[in-house]
Amino acid sequence: MADFPSKVTTETSSPHSQSSPHGGTDLRGLMAGITTRMDVSFVRSIPAMLMVAETVAGLLHWALVASTPYLGLSRAYGWVMFVAVTLWILSTLLFLTLLLSVPQRLSVVPWTVTVMMYNGVAALLYLTAFIANAATATALNNAYVGHLGAAAFFGAALTLLYGASAYLSYLDWRGDGGNAASSTVPT
């Protein structure tokens, strides 16, 4: 009788196993690929929490502005609506980009500078939209003054949120990161 080896390795393959790294084209394999790319530590960070707050407050802001009938208000109404919807969409896309770890795979883009510039420009745009919204809300004497007043409040809150995000992005770009030990250099 022949001696059999104590360990035997067997490999099997199928034509579908090469299309996905998780073996197959099923939804489970697709979801496993997506979840392994998510940056869970990003969700727990202060910049991510600010981005979630910006997204929620931005949604409330543009919903309040959109619920007000136009009724020949002024050009400020269009500007406020443009800023609110555009920045809400861009903030949502930026959050998903950072959540899915795109900066690690697309390293040609200077992400720290890009995020810093976006937050700074967004803070300035929301400041102008807040001023225009507040000026329009006080000039009206109709039933929708409360909507525009609440929208002005959310515009001011969003200006502060984007300003805080711009400041944290600046610290990240500068490399400070809030660590007191990193600024002391022994001589």
Side-chain angles (χ1 to χ4, degrees), residues 27-68 76-134 136-137 144 146-180 182:
L27 186 59
R28 191 174 352 148
L30 178 65
M31 291 308 292
I34 289 173
T35 56
T36 57
R37 292 184 215 143
M38 281 184 21
D39 187 7
V40 180
S41 63
F42 170 71
V43 176
R44 295 182 186 131
S45 67
I46 293 174
M49 291 177 196
L50 282 172
M51 289 180 86
V52 168
E54 291 162 2
T55 303
V56 170
L59 178 65
L60 289 171
H61 181 247
W62 75 259
L64 285 166
V65 174
S67 67
T68 306
Y77 178 85
W79 172 248
V80 172
M81 192 66 184
F82 169 76
V83 168
V85 172
T86 303
L87 290 179
W88 180 77
I89 291 170
L90 290 176
S91 293
T92 304
L93 290 174
L94 181 63
F95 178 76
L96 291 174
T97 300
L98 296 174
L99 179 68
L100 296 176
S101 303
V102 172
Q104 283 79 17
R105 286 180 297 224
L106 192 61
S107 60
V108 246
V109 177
W111 285 100
T112 53
V113 174
T114 304
V115 171
M116 180 183 67
M117 294 299 292
Y118 170 74
N119 286 324
V121 168
L124 288 175
L125 288 176
Y126 258 116
L127 179 64
T128 63
F130 157 67
I131 291 170
N133 190 7
T136 304
Y144 296 100
H147 288 229
L148 289 175
F153 168 77
F154 280 108
L158 283 159
T159 301
L160 295 175
L161 286 170
Y162 278 108
S165 291
Y167 177 71
L168 290 177
S169 298
Y170 170 74
L171 289 179
D172 187 34
W173 172 69
R174 198 175 74 179
D176 187 18
N179 187 358
S182 65

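Residue numbers start at 1 and run along the sequence shown.
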Distance, nearest 0.5 Å, that separates CG of L168 from CG of L50: 6.0 Å
Side chain to side chain contact (heavy atoms under 4.5 Å, CB included) involving V113 - partner list, sequence neighbours excluded: P110, M117, W173
Closest non-hydrogen atom pair, A76 against T136: CB-OG1, 3.5 Å
Closest contact, heavy atoms only, V65 versus A151: CG2-CB, 3.6 Å
From OG1 (T68) to CE (M81), nearest 0.5 Å: 9.5 Å
Flag side-chain contact, heavy atom, 4.5 Å: D172 against M116: no
ring-ring contact (aromatic ring centres under 6.0 Å, His included) contacts in which one or both residues fall within residues 148-168, not counting sequence neighbours: Y126-Y162
Qualifying residues under side chain to side chain contact (heavy atoms under 4.5 Å, CB included), relative to L59, sequence neighbours excluded: W62, W88
Listed partners of I131 passing side chain to side chain contact (heavy atoms under 4.5 Å, CB included), at least two apart: L127
Distance, nearest 0.5 Å, that separates OG1 of T55 from CG of L96: 8.5 Å
Nearest heavy atoms of R44 and M49, plus distance in Å: O-CE, 3.4 Å
Minimum side-chain heavy-atom gap L148-L64 below 4.5 Å: no
T159 versus A123, closest heavy-atom pair with distance: CG2-O, 3.8 Å
Residues 99-107, side-chain donor-acceptor partners within the protein, below 3.5 Å, at least two apart:
unit_1, atom_1, unit_2, atom_2, d
S101, OG, R37, O, 2.9
R105, NH2, L100, O, 2.5

V43 and M38, any side-chain heavy atoms less than 4.5 Å apart: no
4.5 Å side-chain heavy-atom contact, L87 and E54: no
Full working for side-chain contact (heavy atoms from CB on, under 4.5 Å) between M51 and L98: CA-CA 10 Å; M51 289 180 86; L98 296 174; 3.9 Å; yes
Residue list, side chain to side chain donor-acceptor pair (under 3.5 Å) with S41, at least two apart or on another chain: D39
Partner set under side chain to side chain contact (heavy atoms under 4.5 Å, CB included) for A48, not counting sequence neighbours: F42, S45, F95
Under the side chain to side chain donor-acceptor pair (under 3.5 Å) test, residues paired with T128 that sit two or more places apart: W79
Of all pairs that satisfy side-chain hydrogen bond (donor to acceptor under 3.5 Å, both in side chains), the ones with a partner from residues 111-124, not counting sequence neighbours: S91-Y118, N119-S169
